[in-house]
Visitor: 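Take a look at this one; I'll ask things after.
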Amino acid sequence: MLIVQKFGGSSVADAGRIRNVAAIIAESYLEGHEMVVVLSAQGDTTDDLLEKAAELNQAPSKRELDMLLATGEQQSIALMAMALEAMGLPVVSLTGWQAGVRTNTDYSAARINRVNTERLRRELDKKRIVLVAGFQGVNKFDDYTTLGRGGSDTTAVALAAALHADKCQIFTDVQGVYTADPRKVPGAKKLDEITYDEMLELASMGAQVLMNRSVQLAKRYGVELEVLSSLVRAPGTKVKEVSRSMEEMKITGIAKDDNVARVTVMQVADRPGSAFRVLNAVARAGINVDMIIQANGRDGTNDMSFVVAQADAEAAEKVLRQRQPAIGFADISVDKDIAKVSVVGAGMMSSVGIASLVFEALNDEHINIQMINTSEVKISCVIDAASADRAVAAIHRKFFEA
Ligand code: ADP
Ligand code: ASP
Ligand code: MG
């Protein structure tokens with residue numbers, strides 16, 4: 001079998017953890033499998049590198065930032081290679097570049113265009129364990145790029161797809177995908193299986209256990225994933241097209257995203273084209289928006305609010321202010337002290353009363369809902385950031401601990 005394994009930052013945080021992971025890799029290799037292993041930077045390395053950068057420049061170019069961030073993953077692969085060498089195993093470490101991971105030119109949020117697998121195949125043919133630096137690739141200018149936070153998951157899935165791997169195992173610091181973040185909600189339950197679509201929603205709504213783009217890729221190429229612990233030997237969660245629990249469970253899980261901000265554009269003229277002008281300005285700046293609501297004023301104007309990623313809040317405000325005369329509105333406010341809490345589940349479609357249960361849970365906790373958005377598979381509420389963990393716990397009790 002060809003197996004792709006990925007180990008996240010906490011799984012390789014120090015020498016002890018690296019030895020632990022080396023033993024997991026060795027076990028699979030010695031069973032006779034071809035092994036490609038993707039590693040993340042150790043522990044908080046990526047955050048530490050970002051801090052180092054900020055000491056010198058508050059707004060460094062993304063190219064140089066990627067050059068810096070890519071070093072974190074390179075440390076991990078070299079150290080892991082040394083640990084495996086010390087065990088007498090044949091191993092080679094490859095950067096994203098050496099492994100043939102080609103991306104577009106979108107520094108810091110690059111997308112993988114293709115993986116040239118020749119070198120990987122050559123190394124596998126030599127019966128070596130191949131270690132690949134996650135989160136990085138190289139663009140058409142031969143510059144390093146990074147894939148966005150959590151991007152090693154995407155590297156792993158892309159390699160599994162390109163190599164037609166038999167298995168793609170994502171090892172992390174929890175035992176799988178849970179009904180809510182198990183570090184925040186002690187009663188969270190591990191799911192044996194989850195569909196790509198549900199996992200994609202959970203990941204997109206803030207469950208960081210898998211990067212959402214890795215799930216998209218997995219779905220597109222039919223790569224079945226298993227999320228499992230590098231510290232506890234136990235079956236994890238299978239992420240696949242159809243899951244056994246699909247029919248039974250009304251909701252699959254609850255996620256929180258506090259990396260969001262609310263932008264409110266006040267007193268927009270109540271006439272055709274206003275919403276278009278506001279959102280078009282934001283879209284043209286390359287900013288994604290979510291949860292758009294419009295509140296009718298009585299004076300011929302509307303207030304429009306929407307949610308953006310916190311990192312995009314200033315840019316959204318700036319572009320709107322620049323276009324204020326053309327759009328026509330009174331003022332803008334930006335609130336970063338919010339969180340989006342989402343309930344996800346494909347079973348929601350066929351059951352009534354899910355939304356009211358969510359609202360009841362928030363009401364029980366006296367938590368005010370600022371914005372609501374519903375689709376066939378999710379309900380999201382924007383609330384104040386300070387109440388977010390309490391909100392997730394309360395909703396979780398209603399659905400999973402009753
Ligand atoms: P890694 O470094 O292995 O990539 P991450 O920190 O990116 O690990 O993701 C694992 C973390 O995701 C867990 O420690 C957990 O706190 C968090 N998490 C959030 N939501 C969930 C969920 N629904 N199920 C499992 N883990 C979750
Ligand atoms: N090291 C990168 C990050 O911290 C990529 C990853 O861990 O997947 O985001
Ligand atoms: Mg991660």
Side-chain angles (χ1 to χ4, degrees), residues 5-13 17 20-21 37-51 65-66 68-77 96 101 108-110 132-137 144-158 169-192 194 198-215 225-232 236-237 239 251-259 341-345 388-389 392-393 395-396 400:
Q5 295 181 336
K6 176 257 170 179
F7 296 88
S10 52
S11 299
V12 294
R17 292 278 174 95
N20 169 59
V21 168
V37 181
V38 174
L39 300 178
S40 294
Q42 293 185 281
D44 297 328
T45 301
T46 306
D47 290 322
D48 296 345
L49 290 171
L50 284 169
E51 269 172 38
L65 208 51
D66 279 3
L68 180 69
L69 294 187
T71 63
E73 270 65 17
Q74 293 184 30
Q75 293 181 22
S76 296
I77 51 168
V101 181
S108 87
V132 178
F135 176 56
Q136 56 176 261
Y144 271 110
T145 52
T146 65
L147 309 179
R149 298 306 303 267
S152 298
D153 297 332
T154 304
T155 305
V157 176
Q169 298 178 310
I170 309 287
F171 287 87
T172 184
D173 57 359
V174 291
Q175 289 182 38
V177 180
Y178 286 69
T179 50
D181 186 341
R183 297 189 185 286
K184 298 268 169 60
V185 180
K189 296 179 172 55
K190 192 179 82 184
L191 301 164
D192 294 332
I194 185 170
E198 289 170 321
M199 189 63 237
L200 187 56
E201 289 290 347
L202 275 182
S204 303
M205 293 300 116
Q208 93 205 66
V209 60
L210 283 177
M211 193 205 206
N212 59 354
R213 282 192 11 235
S214 73
V215 185
L225 305 177
E226 183 176 8
V227 179
L228 68 176
S229 166
S230 64
L231 299 168
V232 180
T237 302
V239 187
I251 80 167
T252 313
I254 305 163
K256 174 192 82 168
D257 188 352
D258 46 20
N259 264 315
V341 172
S342 305
V343 174
V344 168
D389 287 337
V392 173
I395 299 170
H396 196 272
F400 295 107

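Index from 1, following the sequence. Just so you know, ligand 1 is whichever comes first in the structure, and atom 1 is the first atom listed for that ligand.
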Visitor: Once salt bridge (Lys or Arg N to Asp or Glu O under 4.0 Å) is applied, do any residues pair with Asp181, and if so which ones, sequence neighbours excluded?
Guide: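 In terms of salt bridge (Lys or Arg N to Asp or Glu O under 4.0 Å), with neighbours along the sequence ignored, Asp181 is linked to no residue.
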
Visitor: Could you establish whether Gly151 and ligand 2 come within less than 4.0 Å of each other, counting only heavy atoms on the residue side?
Guide: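 Yes, that is the case, since the closest heavy atom of the residue is under 4.0 Å from the ligand.
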
Visitor: For atom 8 (O) of ligand 2, which of Gly72, Ser152, Ala156 has the closest heavy atom?
Guide: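 Nearest option to atom 8 (O) of ligand 2, by heavy atoms: Ser152.
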
Visitor: Look at Asp258 together with Lys256 and state whether they make a salt bridge at an N to O cut-off of under 4.0 Å.
Guide: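 A salt bridge links Asp258 with Lys256.
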
Visitor: List ligand 1's nitrogen or oxygen atoms that come under 3.5 Å of a protein nitrogen or oxygen, with the partner atom and distance.
Guide:
from	atom 1	to	atom 2	distance (Å)
ligand 1	2 (O)	Gly9	N	3.1
ligand 1	3 (O)	Thr172	OG1	2.7
ligand 1	4 (O)	Lys6	NZ	3.0
ligand 1	6 (O)	Gln208	NE2	3.1
ligand 1	8 (O)	Thr172	OG1	3.1
ligand 1	14 (O)	Asp173	OD1	2.8
ligand 1	14 (O)	Asp173	OD2	3.4
ligand 1	14 (O)	Arg183	NE	2.8
ligand 1	16 (O)	Asp181	OD1	2.8
ligand 1	16 (O)	Asp181	OD2	3.3
ligand 1	16 (O)	Arg183	NE	3.4
ligand 1	23 (N)	Tyr178	O	3.0
ligand 1	24 (N)	Tyr178	N	3.0

Visitor: Would you mind reporting whether Ile77 and Val132 have side-chain heavy atoms less than 4.5 Å apart?
Guide: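 Of all side-chain heavy-atom pairs linking Ile77 with Val132, none is under 4.5 Å.
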
Visitor: Do the side chains of Arg17 and Asp173 get close enough for a salt bridge, i.e. N-O under 4.0 angstrom?
Guide: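 Salt bridge absent between Arg17 and Asp173.
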
Visitor: Indicate yes or no: does an N/O atom of Phe135 lie under 3.5 Å from an N/O atom of ligand 2?
Guide: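 Among all N and O atoms of Phe135, none is under 3.5 Å from an N or O of ligand 2.
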
Visitor: Give the atom numbers and elements of ligand 2 that come within less than 4.0 Å of a heavy atom of Gly150.
Guide: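 The list of qualifying atoms is 3 (C), 5 (C), 6 (C), 8 (O), 9 (O).
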
Visitor: With a heavy-atom distance limit of 4.0 Å, tell me whether Glu73 approaches ligand 2 through its side chain, its backbone, both, or neither.
Guide: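 Side chain only.
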
Visitor: Suppose we measure from atom 3 (C) of ligand 2 to each protein heavy atom; which comes out shortest, and what is that distance?
Guide: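 That would be Arg149 NE, 3.3 Å.
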
Visitor: Counting distance only, does the side-chain N/O of Lys189 pair as donor-acceptor with the main-chain N or O of Phe400 below 3.5 Å?
Guide: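 The answer is yes, because a donor-acceptor pair under 3.5 Å joins these two groups.
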
Visitor: Identify the residue among Thr46, Asn259, Asp47 that makes a side chain to side chain donor-acceptor pair (under 3.5 Å) with Arg149.
Guide: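 In the set Thr46, Asn259, Asp47, the residue that makes a side chain to side chain donor-acceptor pair (under 3.5 Å) with Arg149 is Asp47.
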
Visitor: One thing to verify: whether Asp153 and Arg213 come together as a salt bridge, which I'm taking to mean a side-chain N less than 4.0 angstrom from a carboxylate O.
Guide: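 No salt bridge links Arg213 with Asp153.
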
Visitor: Which residue holds the protein heavy atom closest to atom 7 (O) of ligand 2, what is that atom called, and what is the gap in Å?
Guide: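 So the nearest neighbour among protein heavy atoms is Ser40 OG, 3.3 Å.
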
Visitor: Can you check whether His396 reaches Thr179 side chain to side chain, under 4.5 Å on heavy atoms?
Guide: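 Contact flag for His396/Thr179 side chains = yes.
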
Visitor: Between Gln169 and Glu226, is there a donor-acceptor pair closer than 3.5 Å when you use the side chain of the first and the backbone of the second?
Guide: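 Looks like no, no N/O pair under 3.5 Å.
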
